[in-house]
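Following: one structure in structure tokens, then a few remarks.
Start at 1 and go down the list; that is how both ligands and their atoms are numbered. Every heavy atom of this structure was used, including side-chain atoms; hydrogens, water molecules and symmetry mates were not.
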Amino acid sequence: MIIEDFLDKKLQKILNVKAEKLNNAIEKGIIKFFEFHGFPALQFKKGVGNIEDGTVIYFRDKIEVIRGFPKTRRTLMLSPTLKNHFKDKIVIEEKMNGYNVRIASIGDEIIALTRRGYVCPYTTKKAVQIMDLNEFFNDNPDLVICGEMLGTDNPYVSHYYEEIGSLGFRVFDIRKKISNEPISTKEKQNILKKYGLPAVRVLGTYNITEAPSKIKEIIKEIGEANREGIVMKDPEMIISPLKYTSSEAHADEISYAFTFPFDFGKDFFFSRVIREGFQAYEMEENEEELQKRAHRLGEAILYSMVDTIKNVSSGNQAVEDMVIDVENEEEAEAFLRHLHDLGVYALITKFEDKKAIIRRIHQSTTDKINNFLNGGLY
Ligand code: ATP
Ligand code: MG
């Protein structure tokens, strides 16, 4: 079948999107053609109709549609939002801080996709090393494993977890190819257990009336342990999940962003400060607790920024080093090419003992700070 014919007739049926919309998106470059391991494929760079960005379609012996991972909405207030959004009960899972990965089998291979729908060579290799996925995919070729790649040797989001160390994976959703329909939390846990796959921690199932006060306690503990937050889920996974994060996680992200202040959009800072405002209000904090939060927020902003200004003033660039664990230098270079394809400027600064240091240069931050230090006006 010629591809145009396919796009007009078959794809619109599979995806339930009008041919006109699909063609329009192809013309605009929103849906991009590429070749993967000798087979044609499509990638959605933005959402089209009800199809999420990050969706990829592989044309193998069979057409494989792996939908993008849906955006998770955030709640600023626990009460009354949980009661409005969910019904009866919610399952509280830990929200772990790494990067989103979808793992699927296509043809005779297992691939790991990052958020926007790229096959990351490092992630693919590590995912199959960390987990034995063959049995799961032999039995369930039409399911997609959605999870978080975690740990310190992590080229996208490096965060230390005691139980993870350098690199690990936790599954949080199992979804169906084509429809993107998630399976219930209970069934998910059973399947993961059956195949020996690692799941995110479940912190409890609560009635929506008792949930806000429980979550207040949970989120404090999570923050104190330097962990990120929670995702609240309808046990049946029919109502969409919501996320809620700890003050410490907000400070961490603010601190990271102010280390490279001119490489982030202003919204990034604003939204994180807003989260703190509502959380402080809802937690009904006393003078001392509120002051602690204020200090954490202020320090996250100022200390990191001053550090970077000092650093640039001594002639350095604003850089970020990431470690990846690779067999050889070629593997590190393949990862670097992948980053360049994503439009990220980075280089390898060191390769030793099977670890490569990948350095990301934050050019805007470096240039702007230099300009101001040399008398430039703001
Ligand atoms: P979004 O995913 O909402 O577009 P984002 O990319 O900034 O925003 P986060 O703010 O980290 O992502 O929140 C959502 C992400 O949290 C999910 O995409 C997923 O990768 C991650 N996550 C970690 N733990 C869980 C969990 N238990 N359930 C669902 N998602 C989780
Ligand atoms: Mg995240």
Below the 3.5 angstrom mark, is there an N/O of [X], backbone or side chain, next to an N/O of ligand 1?
X	result
M96	yes
E228	no
R73	no
R115	yes

**Prompt:** Nearest protein heavy atom to atom 26 (C) of ligand 1, by residue and atom, and its distance?
**Reply:** F172 CB, 3.4 Å
**Prompt:** So, R102 and E52, do they make that salt bridge, N to O below 4.0 Å?
**Reply:** no
**Message:** Salt bridge check, E253 against R272: does any charged N sit closer than 4.0 Å to a carboxylate O?
**Reply:** yes
Report the part of [X] (side chain from C-beta onward, or backbone N, CA, C, O) that has a heavy atom under 4.0 Å from ligand 1; answer both or neither where that applies.
X	answer
E148	side chain
K233	side chain
F69	side chain
N100	both

**Prompt:** Honestly curious: do I66 and V119 fall in one hydrophobic cluster under the side-chain, below-4.5 Å linking rule?
**Reply:** yes
**Asked** Taking side chain as C-beta onward, heavy atoms only, is L290 less than 4.5 Å from Y281?
**Response** no
**Atom indices of ligand 1 within 4.0 angstrom of K243 heavy atoms, with elements** = 1 (P), 3 (O), 8 (O), 9 (P), 10 (O), 12 (O), 13 (O), 14 (C)
**Item:** Ligand-side contact atoms (ligand 1) for residue partner T72, heavy atom cut-off under 4.0 Å
**Value:** 1 (P), 3 (O), 14 (C)
**Request:** Check Q363 against D263 and note the closest heavy-atom contact, atom names and distance.
**Result:** N-OD1, 4.0 Å
**Nearest heavy-atom neighbours spanning F44 and V48** = CD2-CG2, 3.8 Å
**Item:** Expected output: side-chain K243 to main-chain T72 donor-acceptor under 3.5 Å
**Value:** yes
**Complete:** Ranking E253, K95, E52 by closest non-hydrogen atom to atom 16 (O) of ligand 1, top hit is K95
**Prompt:** Are F335 and Y156 close enough that their ring centers fall under 6.0 Å?
**Reply:** yes
